[in-house]
**Student:** 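Sharing a structure here in structure tokens format.
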Amino acid sequence: MSDLQRFYLTTAIAYANSRPGLHTLYEVVGADAIARWHRMHGHETFFLTGTDEYSVNIATTAAKLGKTPKAFVDEMVALYRTAEEAIGIAPDRFIRTTDPDHMRAVHEMIRRAHANGDLYQGTYEGWYCPNEGFRAPSDLVEDATGVHCPNHPGVELQWLTERNWFFRLSAYQERLERYYADHPDWVQPEYRKNEMLGFIRQGLEDFSVSREKAPWGIPFPIMPDGSSSQLPDGSWNPEAGTVYVWFDALTNYVTGVGFPDDPDRFAGRWPADLHIIGKDINRLHTIMWPAMLMSAGLPLPREVWVHGWLLVQGERMSKSRGNFLDPTDVAAALGTDGARYVLLREVAFDRDTDVSWDSFVRRYNADLANDFGNLVNRSLSMTARYLGGERPAPRSPDEAPLAVAWRAAHAAHEAKLSGYFLHDALAALWEFVGAANRFVDAEQPWVLAKSVREGDQAAAARLRDVLGDLLEACRLVGFAAAPFIPTVAPRLADQLGVPYPYAADGNGGPPLDELLRWGSGPAGGRIGVPTPLFPRLETEAQLASRDEPASRDEPASPAQA
RNA sequence: GGCGGAGUAGCUCAGUGGUAGAGCAGGGGACUCAUAAGCCCUUGGUCGGUGGUUCGAAUCCGCCCUCCGCUACCA
């Protein structure tokens, strides 16, 4: 391929109504790893994430705290940015729906839909929960005393009628079905696509895109008579209402790449290659959003990946349930890279997964401390001890047994990663780690070293070959895993005594594939000081057993955090 | 109710016609380079139930049980 590859990916923007939970950041970590993978391949990558800041809810919460909505969301955004930094997120833009350019984008989307005849005035009526807004009949609980909101059973619901602008979604049913037929892979995993196809075939109804009674929102730019709602002083007529938050939120994906202010930049970036979203907002992204784009005359995103939820004992991890882990806590305990690895290895990217603190610690210890970290440490220690720290070259791909294993592992890793099965991609890589550990025990370098001390020249050559192969294996895994462990990867390279050519966000350097060829590392040189990259953690069970009399003959070492 | 998916070792899952698998957890062993890590061996399952097709079924078909997803305007 001669022309520069570009890759534009997004996460859903997080609802800034409270502090971030690990479940919210999960998809951001996944997206960040994918973004880094593309950057390291030399693709011109743009990774967008951010916050969704308008809603009646947020205005209400802010008012209760005696704050303006903007002051409140500013605080929430600061918490998000701190947590994202702790877990190593490097977006190319952190978009906020309160950003000024976003309002211009939303207005342009509304104007285009209106100009296209897809907006009309209508009335919307239904049960309204003062805490949550309009509720679907299927979302309500009915008993002898009447109809209630399941989340706010004590609150009396109101039957409200609003005069709103409606978007003609019904007009897009056929076009959407055709798009699905022509792009069979555009929604992944496939079962999620099938759910949406089923929904489309039930028949699509128009939906309202303006709100009369939600002042904390983007001003609706058009008056009922079709004229602009902008007043002579530049402000917007409140009589026009505000834009429905989902119409506003979805538009962030085009705002982020220059719509409508910078047509050249936008043309170079849009359509997005990948939207990563949670399963609860699939319909918005794969039915409503494409219809909005069609109405605006814009191309559709190439792929939407629908990930599952983190579960805690079978229940969805969520802020409202209060069963969520704090991402900052997890990063503090496991380290930035430990938290990222464990999250993306332990949780399947295509479905729900039960997680627990203990499952995270077990995975960290098994994969990072015991298997990979220890492989690096034992390889380096033997090099320091037996070869005086001089790094031997690996054998040629034809001679090195590990080179064969690497070819298979690398191919599997790339295949799984390009299909966004991140957990399987890491599993493929770690199979190679296992092969390298078995290689150590098969070759027994310590035995070779003893023979060398006794003057065995053949053993000396063999020892150099074995350690050269092992250090090469460590280098390859380190670079292949770098999108997942971006802060440890450079430290590993340093210990191995090889250069790390990428910037902190993964940009710069040669295409990653070049560095992932067996034997592509620098020849000669010295290793650095072996230092454990992933210190072993103690599980709660192990900590508890320390106090048992059975282990009293073992002097207790101080527990590491 | 409609459409779709799943039930396989303690846990998480792979396995779509030919003598039940992996990782983790548990047990044992030999070693010692290493973060008491790694390596080898191993305990453990009538593959949800039932009837059928087949020489042969976790795998195909029927019925039943259980669980889950989607079934429109909180974000």
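Computed from a prediction, not measured in an experiment: that's the story for all the values here. Numbers restart at 1 for each chain; the letters A, B, ... are given by sequence-line order, proteins then strands.
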**Student:** Less than 6.0 angstrom separating the ring centers of A:F372 and A:W430, yes or no?
**Tutor:**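 Yes, the ring of A:F372 comes within the 6.0 Å limit of the ring of A:W430, centre to centre.
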**Student:** Within the 4.0 Å limit for protein heavy atoms, which parts of nucleotides 20-32 of chain B are touched? Write it as a string from 5' to 3', B for base, S for sugar-phosphate only, - for none.
**Tutor:** ----SS-----SS
**Student:** Using a heavy-atom cut-off of under 4.0 Å over every strand shown, decide if A:L375 touches base, sugar-phosphate, or nothing.
**Tutor:**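 It contacts nothing in the nucleic acid.
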**Student:** Check the distance between B:A72's P and A:Y244's OH and give it to me in whole angstrom.
**Tutor:**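 My rounded result for the distance is 13 Å.
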**Student:** Quick one: which of B:A72, B:A37, B:G69 gets closest to the side chain of A:N374?
**Tutor:**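 Of the options given, the side chain of A:N374 lies nearest B:A37.
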**Student:** A:A369 side chain: which of B:U35, B:C39, B:U71 is closest?
**Tutor:**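 For A:A369, the side-chain atoms sit closest to B:U35.
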**Student:** If the P atom of B:U53 is compared with that of B:A58, how far apart are they to the nearest Å?
**Tutor:**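 Result for the P pair: 16 Å, nearest Å.
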**Student:** I want to confirm an ordering. Mapping A:T353 and A:V209 to their closest nucleotides on RNA chain B, which one lands closer to the 5' end?
**Tutor:**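 Nearer the 5' end of the strand: A:T353.
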**Student:** Could you give all pairs that pass the side-chain hydrogen bond (donor to acceptor under 3.5 Å, both in side chains) test and reach residues 465-477 of chain A, with sequence neighbours left out?
**Tutor:**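 Sorted result for residues 465-477 of chain A: A:R395-A:D469, A:E472-A:R475, A:R475-A:S520.
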**Student:** Looking at residues at least two apart in the chain, or sitting in another chain, which of them share a ring pair (Phe, Tyr, Trp, His ring centres under 6.0 Å) with A:Y80?
**Tutor:**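 Counting only residues at least two positions away or on another chain, A:Y80 forms no ring pair (Phe, Tyr, Trp, His ring centres under 6.0 Å).
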**Student:** Using the P atoms only, state how far B:C33 lies from B:G28, rounded to an integer number of Å.
**Tutor:**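 Between the two P atoms, the distance is 24 Å.
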**Student:** Salt bridge between A:D248 and A:R211, side-chain N to carboxylate O under 4.0 Å?
**Tutor:**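 Salt bridge between A:D248 and A:R211, a charged N being under 4.0 Å from a carboxylate O: no.
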**Student:** Considering just the side-chain nitrogens and oxygens of A:R283, establish if one lies under 4.0 Å of OP1 or OP2 belonging to B:U71.
**Tutor:**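 It does, given that an N or O in the side chain of A:R283 lies less than 4.0 Å from OP1 or OP2 of B:U71.
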**Student:** Using atom C1' of each nucleotide, how far apart are B:A9 and B:G27 to the nearest Å?
**Tutor:**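 B:A9 and B:G27 have their C1' atoms separated by 15 Å.
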**Student:** Which nucleotide sits closest to the side chain of A:S381: B:U71, B:A34, B:A75?
**Tutor:**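 Side chain of A:S381 sits closest to B:A34.
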**Student:** Can you tell me if the side-chain N/O atoms of A:R536 get under 4.0 Å from OP1 or OP2 in B:A37?
**Tutor:**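 Yes, within the criterion.
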**Student:** Compare side-chain N and O positions of A:Y191 against OP1 and OP2 of B:A6 and report whether any pair is under 4.0 Å apart.
**Tutor:**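 False: A:Y191 side-chain N/O out of range (4.0 Å or more) of B:A6 OP1/OP2.
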**Student:** Nearest to the side chain of A:Y15, heavy atoms from C-beta on, is which of B:C39, B:C33, B:A75?
**Tutor:**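 Minimum distance to the A:Y15 side chain belongs to B:A75.
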**Student:** Counting any heavy atom closer than 4.0 Å, what does A:L169 reach on the DNA or RNA strands: base, sugar-phosphate only, or nothing?
**Tutor:**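 Result for A:L169 = base.
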**Student:** Output the rounded distance in Å from CE (A:M288) to P (B:C70).
**Tutor:**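 A:M288 atom CE is separated from B:C70 atom P by 16 Å.
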**Student:** What I want to find out is whether A:R526 reaches A:E390 closely enough, with some N-O distance under 4.0 Å, to be called a salt bridge.
**Tutor:**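 Between A:E390 and A:R526 there is no salt bridge, as every charged N stays at least 4.0 Å from the carboxylate O atoms.
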**Student:** Of the residues in residues 462-472 of chain A, which ones touch RNA chain B at a heavy-atom distance under 4.0 Å?
**Tutor:**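 Under 4.0 Å from RNA chain B: no residue of residues 462-472 of chain A.
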**Student:** Any side-chain N or O of A:R385 under 4.0 Å from OP1/OP2 of B:A34?
**Tutor:**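 A:R385 to B:A34 OP1/OP2: side-chain N or O found under 4.0 Å.
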**Student:** Once you apply the 3.5 Å cut-off to both distances, tell me the Watson-Crick or G-U wobble partner of B:C33, or none.
**Tutor:**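 The answer is none; no pair meets the criterion.
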**Student:** For A:L204, report the nucleic acid contact type (base, sugar-phosphate, nothing); a contact means any heavy atom under 4.0 Å.
**Tutor:**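 The answer is base, as A:L204 lies within the cut-off (heavy atoms under 4.0 Å) of a base atom.
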**Student:** Reckon A:F534 touches a base, only the sugar-phosphate, or nothing at all at heavy-atom distances under 4.0 Å?
**Tutor:**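 Base: the residue A:F534, judged by heavy atoms under 4.0 Å, touches a nucleobase.
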**Student:** Can you tell if the side chain of A:L448 reaches within under 4.5 Å of the side chain of A:Y386, non-hydrogen atoms only?
**Tutor:**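 Answer no - side chains too far apart.
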**Student:** Just to be sure I understand the rule, does A:G203 reach a base, reach only the sugar-phosphate, or reach nothing, if contact means heavy atoms closer than 4.0 Å?
**Tutor:**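 Base contact - A:G203 has a heavy atom under 4.0 Å of at least one base atom.
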**Student:** Nearest to the side chain of A:P532 - B:C39, B:C13, B:U35?
**Tutor:**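 Ranking B:C39, B:C13, B:U35 by closest atom to the A:P532 side chain puts B:U35 first.
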**Student:** I would like to know whether A:T10 and A:H275 meet side chain to side chain donor-acceptor pair (under 3.5 Å); could you show each step before the answer?
**Tutor:** CA-CA 5 Å; A:T10 71; A:H275 288 322; 2.7 Å; yes
**Student:** To the nearest angstrom, how far is A:H285 atom NE2 from B:A72 atom C1'?
**Tutor:**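 Atom NE2 in A:H285 sits about 16 Å away from atom C1' in B:A72.
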**Student:** Which part of the nucleic acid, if any, lies within contact of A:W430, taking any heavy atom under 4.0 Å across all strands shown: a base, the sugar-phosphate backbone alone, or nothing?
**Tutor:**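 Contact class for A:W430: none.
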**Student:** Using a cut-off of 4.0 Å on non-hydrogen atoms, how would the nucleic acid contact of A:G198 be classed: base, sugar-phosphate, or nothing?
**Tutor:**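 The answer is nothing, as A:G198 stays clear of every strand by at least 4.0 Å.
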**Student:** Considering only NZ, NE, NH1 and NH2 on the basic side and carboxylate oxygens on the acidic side, decide whether A:D280 and A:R316 come within less than 4.0 Å.
**Tutor:**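 Judged by the 4.0 Å cut-off on N to carboxylate O distance, A:D280 and A:R316 do form a salt bridge.
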**Student:** When the C1' atoms of B:A22 and B:G5 are considered, how many whole Å apart are they?
**Tutor:**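 Result for the C1' pair: 23 Å, nearest Å.
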**Student:** Once salt bridge (charged side-chain N to carboxylate O under 4.0 Å, His left out) is applied, what residue pairs with a partner in residues 371-381 of chain A remain, sequence neighbours excluded?
**Tutor:**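 Non-adjacent pairs meeting salt bridge (charged side-chain N to carboxylate O under 4.0 Å, His left out): A:R378-A:D441.
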**Student:** The side chain of A:N437 is closest to which nucleotide in this list: B:A14, B:G2, B:G38?
**Tutor:**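 In terms of side-chain proximity for A:N437, the closest of B:A14, B:G2, B:G38 is B:G38.
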**Student:** Counting any heavy atom closer than 4.0 Å, what does A:L380 reach on the DNA or RNA strands: base, sugar-phosphate only, or nothing?
**Tutor:**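 The residue A:L380 makes no contact with any strand.
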**Student:** For A:K279 and for A:S55, locate the closest nucleotide of RNA chain B by heavy-atom distance; then report the residue assigned to the nucleotide nearer the 5' terminus.
**Tutor:**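 Result of the comparison: A:K279.
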**Student:** Mind checking A:S208 for me? I need base, sugar-phosphate or nothing, with any heavy atom below 4.0 Å counting as a touch.
**Tutor:**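 Base: the residue A:S208, judged by heavy atoms under 4.0 Å, touches a nucleobase.
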**Student:** For A:Y420 together with A:F349, are the ring centres under 6.0 Å from each other?
**Tutor:**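 Here the rings of A:Y420 and A:F349 have centres that are no less than 6.0 Å from each other.
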**Student:** Sort out the partner of B:A72 for me: Watson-Crick or G-U wobble, both distances under 3.5 Å, none otherwise.
**Tutor:**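 By the stated definition (distances under 3.5 Å), nothing pairs with B:A72.
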**Student:** I need the CD-P distance between A:E431 and B:C13, as an integer number of Å.
**Tutor:**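 Roughly 18 Å, once rounded to whole Å.
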**Student:** Please name all residues satisfying ring pair (Phe, Tyr, Trp, His ring centres under 6.0 Å) with A:F167, sequence neighbours left out, ordered by chain then number.
**Tutor:**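 Listed in chain order: A:Y172, A:F207.
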**Student:** Work out how far the P atom of B:C70 is from that of B:C55, and round it to whole angstrom.
**Tutor:**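 Taking atom P in both B:C70 and B:C55, they lie 44 Å apart.
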**Student:** What is the pairing partner of B:C24, taking Watson-Crick or G-U wobble pairs with both distances under 3.5 Å in any strand?
**Tutor:**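 When the pairing criteria are applied, B:G10 turns out to be the nucleotide that pairs with B:C24.
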**Student:** Between C1' on B:G4 and CD on A:Q202, what's the gap in Å once rounded to a whole number?
**Tutor:**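 Between C1' of B:G4 and CD of A:Q202: 12 Å.
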**Student:** Anything under 3.5 Å between a donor and an acceptor, one on a side chain of residues 192-201 of chain A, the other on a protein residue two or more places apart or in another chain? List them.
**Tutor:**
unit_1, atom_1, unit_2, atom_2, d
A:R192, NH1, A:E195, OE1, 3.1
A:R192, NH1, A:E195, OE2, 3.4
A:K193, NZ, A:P184, O, 2.9

**Student:** Would you mind reading off the distance between A:R201 atom CZ and B:C70 atom C1', rounded to a whole angstrom?
**Tutor:**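 Atom CZ in A:R201 sits about 14 Å away from atom C1' in B:C70.
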**Student:** Give me the distance, rounded to whole Å, that separates B:G49 from B:G7 when you measure between the C1' atoms they each carry.
**Tutor:**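 After rounding to an integer number of Å, I get 11 Å for this pair.
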**Student:** Under the side chain to side chain contact (heavy atoms under 4.5 Å, CB included) test, which residues partner A:S170, sequence neighbours left out?
**Tutor:**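 Residues passing side chain to side chain contact (heavy atoms under 4.5 Å, CB included) with A:S170: A:D206.
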**Student:** What integer distance in Å separates A:D354:CG from B:U12:P?
**Tutor:**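 Taking CG of A:D354 and P of B:U12, I get 7 Å after rounding.
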**Student:** Figure out the CG/P separation between A:L492 and B:U35, and round it to whole Å.
**Tutor:**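 Computing the A:L492:CG to B:U35:P distance gives 16 Å.
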**Student:** Who passes side chain to side chain contact (heavy atoms under 4.5 Å, CB included) against A:A412, sequence neighbours left out?
**Tutor:**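 Applying side chain to side chain contact (heavy atoms under 4.5 Å, CB included) to A:A412 gives A:A428.
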**Student:** Distance check, C1' atoms only: B:C41 and B:A30, in whole angstrom units.
**Tutor:**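 Straight-line distance between the two C1' atoms is 10 Å.
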**Student:** Closest approach to the side chain of A:E195, judged atom by atom: which nucleotide of B:A34, B:C40, B:G69 is it?
**Tutor:**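 Nearest to the side chain of A:E195 among the choices is B:G69.
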**Student:** Please measure how far the C1' atom in B:G26 lies from the corresponding atom in B:U43, and state the result in whole Å.
**Tutor:**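 Each nucleotide's C1' atom is 8 Å from the other's.
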**Student:** If we call it a pair only when both distances are under 3.5 Å in a Watson-Crick or G-U wobble match, what pairs with B:C67?
**Tutor:**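 Per the H-bond distance test, B:G5.
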